[in-house]
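A short worksheet on the structure shown next.
A note on names: the letters A, B, ... follow the listed sequences, proteins ahead of strands, and every chain is numbered from 1.
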Amino acid sequence: MIRISLPDGSVKEVEAGTTILSVVESIGPRLAKAAVCALVDGELKDVRDPLIQDGSLTVLTKGEPQVLETIRHTASHVMAQAVKRLFPNAKLGIGPAIDEGFYYDFDLADSLTEDDLDKILAEMKTIISQDLPILRKELPVNEARELLQSLDENYKIELLDDLSEIEGETITFFEQGEFIDLCRGPHLQTTGMLASDAVKLPSVAGAYWRGDEKRPMLQRIYGTAWETKADLEAYEWRQEEAAKRDHRRLGKELELFSIHEEGGAGLVCWHPKGARLKRTIEEFWYQQHDLGGYEIVATPHIGKAQLWSISGHLDFYRDGMYSPMDIDGVDYYIKPMNCPYQILIYKTKGHSYRELPLRMAEMGTVYRYERSGVLHGLMRVRGFTIDDAHIICRPDQVDAEIRRVYAFSMTMLMAFGFEEFEIYLSTRPYEGKAVGDEAQWEQATDALRAALEDRGLPYKVDDGGGAFYGPKIDIKVKDTLGRSWQCSTIQFDFNLPNRFDMTYIAEDGKEHRPFMVHRALLGSLERFIGCLIEHYGGAFPVWLSPIQANVIPIADRHVDYAHEVAEKMKAAGIRATVNETSERMNAKIRTAQLQKIPYMMVVGDREQEADAVALRLRTEQDLGDMKVDDVIGLIRSKIESKAQDLT
RNA sequence: GCCAGCGUAGCUCAAUCGGCAGAGCAACGGAUUUGUAAUCCGUAGGUUGCCAGUUCAAUUCUGGCCGCUGGCUCCA
């Protein structure tokens, strides 16, 4: 007998192996019918799973957030069943629940079209209305294999082979009607527990089997499923809102940047307004680095093969580099990173231990080869500027420097209004993609881990995601569509100092090897601005707005006064423009509003008389008439405090 | 790179079965001088991404290239 404790504090004694469902039935038949899944000691379980040891049990019904995963997992099975009905030769890949939906991969001779998706969805609705009971089955490995062989599911057999090594004797299957699938669950009790009007199949895409480009490409159908139609509609509304904030769309609408077919994919042209934004960021960045103990440097865009050979880039980073160009019979490469040149600067003289840590920073523009399919607006480009710095320090200073950089990074990102981050610790890359011995990697990785853990920061481990020269901490921010993008990176490097034979003279009068930390706070300026655009939906805080104030004369006779106001503002360091077109005031306001200019200043006879403006905000607030000097004071204070609000 | 979809005026999008390529906005010219999200009239704007092919005829069908969009382990 085992003891199962329930949320109300009571304890049930049952025989080991009793299913969750039968325990729930003893509590109440209604609850048993409504049960979607359960938590056993906090772990999500299928209601038909057996209870094997003492533990706590919580039954989950609709309305609780954890049930979505189960709903989506079942939806993916229903979709697979529908596909099998329509395309009996389809081979099943994997079909998990994901963040806002689910997918299932199929090997199919013909490629699926939008029409096919409609048909599949219709068949899914049929399966849901048939209300098929979903049964859980446990089979010994050999029987499981026979079953899959009889179904000719070769991908599933491969999964089974991997699983049987780990999980031993029995394998679980879920069966609904004629459909049976290798699966751990959890699942709903019947297909009818899905809401057929809360399921959609938005897209189909190619996906390599097990993510490996050397293996067959399967067709992945993406779906989304919710508890209710209203939830689905809310989700679709969120998607539409997100699309409106897409930086590619806003970049065009707000005239920030463009990328040209004639110029090249992934190569960004900054228009006046975008360049203004970029400059504002850079100016703040330089100012912070002056205060933060950094020396600013600048290095060339190309360098001889010799340099990249010493650094190891030609051995470990060649895939990311462009073909060399011949200059007087010597190969030169466009730089993919700034570090080698900064190291050359370090090496131009001898260094005392007293000078360390030495922090060199630059806005360094680099070019990297990215596969055409991964390019994405400003987020993934081929030419970009890194706010790059290299900290050269003594071994005893590394810890403090990493902490210092982390704090600096947070200050910087928060100044731009970002509040939510994901932190990753990236470890040693595999298969000869890394330099240095394993012990060093371990030591360095531990140092980074300690810096995170001492601060009690939650982080995830990106196994094998480190740079070729050392492990790193990455800080990512999320875009509107939930994709996360790396901004800050703090990289430990014990390799380049060796390769370049960097030294300093320690107290003992002897040469010692310094450590090096590479770091970028904003990461790529291009990507960072892409994130900023989406974060604010183009309505930047005043200090970042390319145009901060727009003066709107009501009639032509007010244009001179409008210019007078704008000049006064410019003299006070405010980016102000005048709308001199012969449009009506309403149209001028609309134009400014669409450009998301924070302050609109309407001037007519009344204002001209009183040395004032009628102040309207892009939030549609009308602040009424204000003296020009007062408005200047207000805007200046918003700029200086980097305020998020306008009043 | 691979799979799928897409590419028409500066922008957003039409064009039935292969039969003279169109609208709104923007631009330009003129009129209007307006009080908190679009004043009216007119003008101009195109090698339908590029290159081949099929056809009497191609924006439309076929192939190649360029570019864009979504996706390419969130692991049964």
Side-chain angles (χ1 to χ4, degrees), chain A residues 69 72-73 76-77 92-105 108 111-114 117 144 148 153 155-164 166-167 171-174 181-185 202-222 246 248-249 252-253 255 258-266 319 369-377 460 481-483 552-559 581-594 600-607 614-618 620-625:
Chain A
E69 192 182 326
R72 288 167 184 161
H73 203 162
S76 95
H77 274 216
L92 301 175
I94 58 169
I98 53 176
D99 263 1
E100 293 201 297
F102 59 91
Y103 66 79
Y104 214 114
D105 290 345
L108 265 170
S111 50
L112 294 166
T113 63
E114 298 279 317
L117 292 188
L148 292 174
E153 293 287 2
Y155 296 99
K156 292 288 181 187
I157 293 169
E158 183 180 329
L159 293 174
L160 174 71
D161 289 341
D162 290 357
L163 274 173
S164 53
I166 311 163
E167 308 218 338
I171 297 291
T172 40
F173 283 81
F174 280 82
D181 193 9
L182 173 76
C183 182
R184 180 172 46 200
S203 64
V204 56
Y208 296 105
W209 170 236
R210 306 194 117 181
D212 183 345
E213 336 186 343
K214 295 182 190 78
R215 313 206 60 184
M217 179 161 280
L218 309 181
Q219 296 185 65
R220 171 169 301 176
I221 303 177
Y222 280 91
D246 191 309
R248 293 163 301 183
R249 172 184 175 144
K252 200 178 278 179
E253 286 173 7
E255 299 175 54
S258 57
I259 297 169
H260 303 267
E261 187 170 344
E262 306 90 315
D319 289 351
Y369 174 71
E370 295 284 355
R371 298 195 296 177
S372 61
V374 304
L375 298 173
H376 180 84
K460 294 175 194 161
L481 298 172
R483 290 175 289 214
I552 297 172
I554 287 178
D556 283 353
R557 65 176 179 281
H558 308 120
V559 168
T581 61
S582 65
E583 292 291 342
R584 295 171 56 192
M585 181 203 65
N586 282 302
K588 292 179 187 176
I589 286 176
R590 183 165 192 271
T591 305
Q593 188 76 43
L594 291 175
M600 288 160 241
M601 292 168 295
V602 176
V603 296
D605 294 334
R606 208 170 64 213
E607 288 77 17
L615 189 61
R616 183 193 202 273
L617 309 180
R618 72 176 164 214
E620 297 184 46
Q621 267 175 284
D622 185 352
L623 299 193
D625 282 10

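Here the P atom of nucleotide B:G10 and the CD atom of A:E262 are 12 Å apart, to the nearest Å. Distance A:R72 CZ to B:C75 P: 14 Å, rounded to the nearest Å. In this structure, CG of A:L117 is placed 13 Å from C1' of B:G71, rounded to the nearest angstrom. In this structure, the CG atom of A:D246 is 13 Å from the P atom of B:U12, given to the nearest Å. Summarising the geometry, the separation between CD on A:E253 and C1' on B:G10 is reported as 14 Å, rounded to the nearest angstrom. Atom pair A:E261:CD and B:U48:P shows a separation of 15 Å (rounding to whole Å applied). Atom NZ in A:K460 sits about 11 Å away from atom P in B:C74, given to the nearest Å. In this structure, CD1 of A:I94 is placed 11 Å from C1' of B:C72, rounded to the nearest angstrom.
Under the ring pair (Phe, Tyr, Trp, His ring centres under 6.0 Å) criterion, A:F173 pairs with no residue at all, not counting sequence neighbours. With sequence neighbours excluded, the residues that form a salt bridge (charged side-chain N to carboxylate O under 4.0 Å, His left out) with A:D605 are A:R557. Annotation: ring pair (Phe, Tyr, Trp, His ring centres under 6.0 Å) contacts of A:F102 (sequence neighbours excluded): none.
Straight-line distance between the P atoms of B:A37 and B:A15: roughly 35 Å, to the nearest whole Å. Between B:G30 and B:C66, the distance separating the two C1' atoms is 43 Å to the nearest Å. Separating the C1' atom of B:C3 from that of B:U8 is a span of 26 Å, rounded to the nearest Å. The separation of B:A52 from B:U48, taken at their P atoms, amounts to 13 Å, rounded to a whole angstrom. Taking atom P on both B:C2 and B:A44, the two are 46 Å apart, rounded to the nearest angstrom. Using C1' as the reference atom, B:A14 and B:U54 are 27 Å apart when rounded to the nearest Å. Spacing between B:G22 and B:U32 at atom C1', rounded to whole Å, works out to 30 Å. Only the C1' atoms considered, B:U39 is 24 Å distant from B:G45, to the nearest whole Å.
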Self-check item: CA sep, side-chain torsions, deciding dist, call: A:M585, A:I552, side chain to side chain contact (heavy atoms under 4.5 Å, CB included)
Solution: CA-CA 7 Å; A:M585 181 203 65; A:I552 297 172; 4.0 Å; yes
Practice problem: For A:V602 and A:E607, run side chain to side chain contact (heavy atoms under 4.5 Å, CB included): C-alpha distance rounded to whole Å, both residues' side-chain angles, the deciding distance at 0.1 Å, then the answer. | Solution: CA-CA 8 Å; A:V602 176; A:E607 288 77 17; 5.6 Å; no
Self-check item: Candidate pair A:D181 and A:K156, rule side chain to side chain contact (heavy atoms under 4.5 Å, CB included), full reasoning
Solution: CA-CA 9 Å; A:D181 193 9; A:K156 292 288 181 187; 2.9 Å; yes
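No donor-acceptor pair closer than 3.5 Å links the side chain of A:E158 to the backbone N or O of A:Y155. With A:E153 contributing its side chain and A:L92 its backbone, the two residues share a donor-acceptor pair below 3.5 Å. Looking only at distances, no side-chain donor or acceptor of A:E370 sits under 3.5 Å from a matching main-chain atom of A:G266.
Contact annotation for A:R220: backbone-only contact, meaning every heavy-atom pair under 4.0 Å involves sugar-phosphate atoms and none involves a base. Contacts of A:K588 with the nucleic acid, taken as non-hydrogen atoms under 4.0 Å apart, are absent.
For the pair A:D105 and A:R220, the salt-bridge criterion is met [side-chain N within less than 4.0 Å of a carboxylate O]. Contact check on A:R210 versus A:D212 returns no salt bridge, with no Lys/Arg side-chain nitrogen under 4.0 Å from an Asp/Glu carboxylate oxygen.
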Quiz prompt | Nucleotide-level pairing of RNA chain B, given in dot-bracket where Watson-Crick and G-U pairs need both distances under 3.5 Å and | marks other strands | solution = (((((((..((((.....[..)))).(((((.......))))).....(((((..]....))))))))))))....
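At B:G70, one or more side-chain N or O atoms of A:H376 fall inside 4.0 Å of OP1 or OP2 (strictly under the cut-off). Contact between the side-chain N/O atoms of A:R248 and the OP1/OP2 oxygens of B:G70 is found at a separation under 4.0 Å.
A residue-by-residue look at A:L159 and A:Y222 shows that A:Y222 has its nearest nucleotide of RNA chain B further toward the 5' end.
The shortest non-hydrogen separation linking A:L182 to A:L160 is CD2-N, 4.3 Å.
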Exercise. Encode nucleotides 31-41 of chain B as B, S and - characters from 5' to 3', where the letter depends on protein heavy atoms closer than 4.0 Å: B to the base, S only to sugar-phosphate, - to neither.
Key: BBBBBBBBB--
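When each of A:R618, A:R616, A:E620 is tested with A:Q593 by the rule side chain to side chain donor-acceptor pair (under 3.5 Å), just one qualifies, namely A:R616.
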N/O to N/O distances under 3.5 Å, protein versus nucleotides 1-4 of chain B:
residue	atom	partner	partner atom	Å
B:G1	OP1	A:S372	OG	3.2
B:G1	OP2	A:S372	N	3.4
B:G1	OP2	A:S372	OG	2.2
B:G1	N7	A:G373	N	3.3
B:G1	N2	A:Y208	OH	2.6
B:C2	O4'	A:Y208	OH	3.4
B:C2	O2	A:Y208	OH	3.4
B:C3	O2	A:G206	N	3.2

